[in-house]
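Reading through the structure tokens given below for one structure.
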Amino acid sequence: TFEVMVTDTLRGEEKLIDKMSGGEKVWVNECLVRAMALYTGESSGQRNAFETLFSDESDGPLDPQRKREFMAMKRAVLEIGGYKREYLITHTPELRQACDAVIDITAI
């Protein structure tokens, strides 16, 4: 079995990811996925081999403040990892407005 214990330094607490709220789980998952992408690119020596990241409706359970932080985290990962773009699917107007470009599939 594989358990993830999360340390929240702001609240000064630790808990298993299974005991976290939906929004907390999304935040931890997205951070882990991006950390692994950055680590894999750096350790393989192919930092710029992959130019694009993808995410699919992962912001849903986040509150408005976390959504803004979520987008800032995504932009930081793009810069740190040398990625050119991220395609994300969202139904959140604030996140769409924060994107550099939008593909509206309902208009196609």
Practice task
Could you tell me whether a side-chain N or O of Lys67 sits under 3.5 Å from a main-chain N or O of Leu95, the two making a donor and an acceptor?
Solution key: no

Handout entry: Leu38 versus Gly81, closest heavy-atom pair with distance
Key = CD2-CA, 3.3 Å

Handout entry: Linked, directly or transitively: Phe2 and Leu16 (ILVMFWY side chains, under 4.5 Å)
Key = no

Handout entry: From CG (Asp18) to NZ (Lys25), nearest 0.5 Å
Key = 6.0 Å

Practice task
Salt-bridge test for Arg34 and Glu86: reply yes if a basic N is under 4.0 Å from a carboxylate O, no otherwise.
Solution key: yes

Problem - Option from Asn29, Val4, Val28 for which side chain to side chain contact (heavy atoms under 4.5 Å, CB included) with Met20 holds - result: Val28

Exercise for the section: Answer yes or no: are there more than 12 heavy-atom neighbours, outside Lys15 itself, under 6.0 Å from its atom NZ? Expected result: yes

Handout entry: Point-to-point distance, once rounded to the nearest 0.5 Å, from CD of Glu69 to NZ of Lys74
Key = 14.0 Å

Problem - Whether Trp27 and Phe70 hold their rings parallel, tilted or perpendicular, with breakpoints at 30° and 60° - result: tilted

Practice task
Spell out, yes or no, whether Tyr83 and Ile80 are grouped together once hydrophobic residues are joined by side-chain heavy atoms under 4.5 Å, including indirect joins.
Solution key: yes

Problem - Leu78 side, atom CG; Glu51 side, atom CD - distance, nearest 0.5 Å - result: 12.0 Å

Practice task
Using a 4.5 Å cut-off on heavy atoms from C-beta on, say whether the side chain of Asp100 contacts that of Arg75.
Solution key: yes

Exercise for the section: Check the pair Ile103, Ile108 against side-chain contact (heavy atoms from CB on, under 4.5 Å), reporting the backbone distance first and the verdict last. Expected result: CA-CA 9 Å; Ile103 301 169; Ile108 296 175; 4.3 Å; yes

Handout entry: Cluster link Leu32 to Tyr39, ILVMFWY, side chain under 4.5 Å
Key = no

Exercise for the section: Can you measure from OG1 (Thr9) to CD (Glu14) and round to the nearest 0.5 angstrom? Expected result: 11.0 Å

Completion exercise
Note: Pro61 and Val26 closest approach over all heavy atoms is CG-CG2, 3.6 Å

Practice task
Any chance you could measure Arg68, atom CZ, to Leu62, atom CG, to the nearest 0.5 Å?
Solution key: 11.5 Å

Exercise for the section: Could you go through the side-chain contact (heavy atoms from CB on, under 4.5 Å) check for Met71 and Glu94 one step at a time? Expected result: CA-CA 10 Å; Met71 188 59 104; Glu94 296 81 16; over 6 Å; no

